Every structure is written in structure tokens, then in C-alpha cells.
Amino acid sequence: MPDFDIKYGTVPANTAVRPRGPSIANLKAALTTFNATSYSAARLNTMSKNDLISACITHGLTVAGL
């Protein structure tokens with residue numbers, strides 16, 4: 001679902017504002033590294049960005065920008 005990241009896209013909408021928070025790619029990578037069985041690609045694609053952040057916080061994972 002959140003494959004396109006508005007803040008970290010290749011063409012940012014507003015170049016005057018720096019992106020804040022972790023990118024979706026970093027969140028997915030952290031969860032896949034943590035447990036690839038529980039967090040498969042299919043499951044990660046159904047999660048929203050808030051779900052990804054919540055899962056990282058729940059498991060105590062360190063992600064740049066979180």
C-alpha cells in the first residue's frame with residue numbers, strides 16, 4: 001500500500017522543506033531484517049506507514065529518523 005513515499009520520492013513536491021521521519025523503505029528493511037517470516041513482503045505491502053512505525057516501536061527497532 002505505501003510503496004510511494006511522498007516525503008522521500010525522487011521528485012519532492014516542496015524542495016524548501018527537508019523530509020522528516022523515517023522513509024518507508026527504511027521501515028520495511030528494519031522489519032524484514034528483524035523477522036522475515038512474520039513480516040513478509042506481502043504483509044508489509046498491506047501495512048500503512050503508521051503501522052510500520054508502530055511495529056518498529058513495538059519491537060524496539062532503531063530506524064534512522066524514528
Side-chain angles (χ1 to χ4, degrees):
M1 180 154 121
D3 284 332
F4 178 72
D5 197 343
I6 294 171
K7 293 182 182 177
Y8 289 94
T10 57
V11 181
N14 186 357
T15 57
V17 178
R18 207 170 149 211
R20 293 181 300 261
S23 70
I24 291 174
N26 289 346
L27 292 167
K28 287 183 177 183
L31 288 170
T32 302
T33 303
F34 174 70
N35 190 340
T37 304
S38 293
Y39 294 105
S40 63
R43 181 171 180 200
L44 291 175
N45 286 337
T46 62
M47 298 173 76
S48 69
K49 187 170 184 177
N50 287 336
D51 293 337
L52 296 170
I53 291 171
S54 176
C56 287
I57 291 171
T58 300
H59 296 300
L61 302 177
T62 303
V63 181
L66 185 62

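Everything numeric here is computed off the predicted structure, so don't read it as measured data. Start at 1 with the first residue, then count along the sequence.
Atom CD1 of Ile24 sits about 11.0 Å away from atom CG of Leu44, to the nearest 0.5 Å. Considering CG of Asn26 and CG of Leu31, their distance stands at 11.0 Å, rounded to 0.5 Å. Atom OG of residue Ser23 and atom NZ of residue Lys28 lie 10.5 Å apart, to the nearest 0.5 angstrom.
Side-chain atoms of Thr32 never come within 3.5 Å of backbone atoms of Ala29 as a donor-acceptor pair (strictly under, hydrogens ignored).
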Name each donor-acceptor pair under 3.5 Å that joins a side chain in residues 51-59 to protein atoms two or more places apart or in another chain, with its distance.
from	atom 1	to	atom 2	distance (Å)
Asp51	OD2	Ser48	N	3.2
Asp51	OD2	Ser48	OG	3.3
Thr58	OG1	Ser54	O	2.7
His59	NE2	Tyr39	OH	2.7

